[in-house]
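Have a look at the structure below, then the notes.
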Amino acid sequence: MRLHRTGRLIATLAVALGVTAAAGCGGGINSSSSGGSSSSVKQTVTVAIPGDITNYNPYTDTLIAYGYSIGYTVFDGLVKYSPTLGTEPDLATSWSSNASGTVWTFNLRHGVKFTDGEPFNAQAAIKSFHAVLAAKSLWDVPVQNATSFAAPNPYKLVITLSKPYAPFLDGLAKIDIVAPNKLGEVGKTPVGTGPFKFVSWTPNSQIVLTRNDDYFGAKPAYKTLILKPITDTTTALTDLAAGNVDIVATLPPTSVAQVTKSVAHVVQPHTSNSLELVEFNSSNPATSNPLVRRALSYALDKNAINKIAYNGLATPTWTPV
């Protein structure tokens with residue numbers, strides 16, 4: 001039983017400053033490929049995030065806030081999610097597999113550098129895959145049964161699996177590629193190839209990122225991104241109205257009605273994999289009978305929950321799960 005949320009259901013707010021805001025896409029906050037040379041473009045954007053980031057290792061920090069504030073700004077993967085939640089090229093430009101889906105060959109981008117100046121190549125990607133496995137990361141699932149990582153040349157990567165894994169590409173989208181020389185200190189100093197470069201972190205105060213002018217994709221229109229941890233929603237909205245922050249990254253559905261449209265607007269993506277669901281322990285005698293679980297599913301008033309808990313912003317859906 002699940003309530004599928006339209007967008008994140010935690011909304012993104014943007015002050016009417018000509019700032020383009022988007023949540024959850026690698027490089028998605030980019031609004032220009034000009035590198036921000038126009039004097040009419042705001043050069044610093046300040047974003048309120050719901051809590052501080054204390055661990056910058058993409059293999060061990062599984063917080064949603066880390067993903068959209070650091071994962072999608074500082075790092076890239078071989079592939080990334082498309083707006084419709086498929087996969088599309090990122091550091092890999094194309095790929096193919098054998099008929100059984102056990103040997104995957106990736107063609108990598110040429111000339112890409114990490115923000116510390118190290119070149120990106122197949123060996124750099126291989127080191128990141130070994131690091132994600134060594135960390136016993138939540139994201140290592142697609143490469144857990146890899147029998148080898150090979151680099152026939154600097155821009156070709158071959159991953160051989162012991163058995164097929166259907167969501168292999170989807171899983172790779174969650175594995176960020178870290179600069180090899182920074183793998184040992186990535187928890188404090190994240191270095192990737194993304195549209196922004198990590199500059200500094202002041203605990204419980206702010207995280208500062210600056211535009212990566214060597215980024216291979218569309219470059220951000222603004223130069224500096226400041227992330228400010230603000231745990232209280234009311235405080236975040238007050239700072240938004242006062243102009244102390246430009247964007248509130250996440251907003252509980254119960255707070256959406258508080259947004260003054262003359263000051264800001266709510267932005268929600270059209271597709272999302274965010275959901276709320278009720279899980280049952282099927283080994284428990286009380287819920288082991290599938291007829292009991294079916295009855296509970298029929299009895300659950302999803303529309304009422306949507307109205308009360310999510311201000312009608314969710315999309316109730318029926319699935320076999």
Side-chain angles (χ1 to χ4, degrees), residues 1-12 23-25 49-55 57-72 77 79-87 132-133 135-145 161 163-176 231 233 249-256 268-321:
M1 292 179 282
R2 65 177 69 177
L3 281 172
H4 190 278
R5 298 190 279 179
T6 302
R8 289 186 181 276
L9 196 60
I10 43 181
T12 300
C25 303
I49 59 176
D52 203 6
I53 306 297
T54 58
N55 172 23
N57 188 332
Y59 308 144
T60 57
D61 194 326
T62 59
L63 294 175
I64 292 175
Y66 175 87
Y68 63 71
S69 61
I70 302 298
Y72 290 125
V79 301
K80 64 182 179 181
Y81 293 119
S82 70
T84 56
L85 300 183
T87 51
V132 75
L133 286 167
K136 299 187 184 302
S137 172
L138 178 66
W139 314 123
D140 72 1
V141 176
V143 292
Q144 278 181 352
N145 70 331
L161 309 177
K163 57 185 178 181
Y165 182 62
F168 178 68
L169 286 176
D170 286 338
L172 283 189
K174 293 300 297 180
I175 299 180
D176 294 326
T231 58
T233 300
T250 64
L251 185 69
T254 51
S255 299
V256 171
Q268 290 179 272
H270 294 294
T271 58
S272 174
N273 60 353
S274 298
L275 56 88
E276 297 290 346
L277 65 152
V278 178
E279 296 181 300
F280 295 107
N281 180 358
S282 60
S283 64
N284 187 313
T287 54
S288 60
N289 186 336
L291 294 177
V292 171
R293 299 197 298 273
R294 184 179 300 174
L296 290 169
S297 181
Y298 283 129
L300 183 67
D301 190 340
K302 297 183 181 181
N303 289 317
I305 293 174
N306 183 23
K307 182 178 180 180
I308 296 168
Y310 301 106
N311 279 9
L313 297 174
T315 302
T317 184
W318 294 96
T319 77
V321 180

Worksheet item: Just how far is it from atom CZ of R293 to atom CD of E279, taken to the nearest 0.5 Å?
Response: 12.5 Å
Practice prompt. Indicate the atoms forming the closest heavy-atom contact of V132 with D140, along with that distance.
Written response: O-CB, 3.7 Å
Fill in: S282 side, atom OG; N289 side, atom CG - distance, nearest 0.5 Å
11.5 Å
Fill in: Minimal non-hydrogen separation, N303 against P316, with atom names
OD1-CG, 3.5 Å
Discussion item. Between S283 and N281, is there a side-chain donor-acceptor contact under 3.5 Å, judged purely by atom types and distance?
Written reply: yes
Discussion item. Pair N55, L63 - check side-chain contact (heavy atoms from CB on, under 4.5 Å), show working.
Written reply: CA-CA 10 Å; N55 172 23; L63 294 175; over 6 Å; no
Worksheet item: If you round to the nearest 0.5 Å, how far is CG of N311 from CG of N306?
Response: 9.0 Å
Worksheet item: Between atom CG of D301 and atom CD1 of I308, what is the distance when rounded to the nearest 0.5 Å?
Response: 8.0 Å
Worksheet entry | side-chain contact (heavy atoms from CB on, under 4.5 Å) between V141 and Y165, intermediate numbers included | CA-CA 9 Å; V141 176; Y165 182 62; 3.2 Å; yes
Worksheet item: For the side chain of K302 and the backbone of T317, is there at least one donor-acceptor N/O pair under 3.5 Å apart?
Response: yes
Practice prompt. Could you tell me the separation between the CG atom of D61 and the CD1 atom of I53, rounded to the nearest 0.5 Å?
Written response: 6.0 Å
Practice prompt. Would you kindly say whether S82 and T84 are connected by a side-chain donor-acceptor distance under 3.5 Å?
Written response: yes
Item to complete: State, with a plain yes or no, whether a side-chain heavy atom of T60 is found less than 4.5 Å away from one of S137.
Response: no
Practice prompt. Check Y59 against A135 and note the closest heavy-atom contact, atom names and distance.
Written response: CB-CB, 4.2 Å
Response to the item:
Shortest non-hydrogen pair, V79 vs L169, comes out as CG2-O, 3.4 Å
Item to complete: Check N57 against Y66 and note the closest heavy-atom contact, atom names and distance.
Response: C-OH, 3.7 Å
Response to the item:
Note: A65 and S69 closest approach over all heavy atoms is O-OG, 2.5 Å
Item to complete: Supply the atom-to-atom distance Y310 OH to T315 OG1, rounded to the nearest 0.5 angstrom.
Response: 12.0 Å
Item to complete: Could you walk me through whether T250 and I49 pass side-chain contact (heavy atoms from CB on, under 4.5 Å), step by step?
Response: CA-CA 7 Å; T250 64; I49 59 176; over 6 Å; no
Discussion item. T62 vs W139, test: side-chain contact (heavy atoms from CB on, under 4.5 Å). Steps then yes/no.
Written reply: CA-CA 9 Å; T62 59; W139 314 123; 4.0 Å; yes
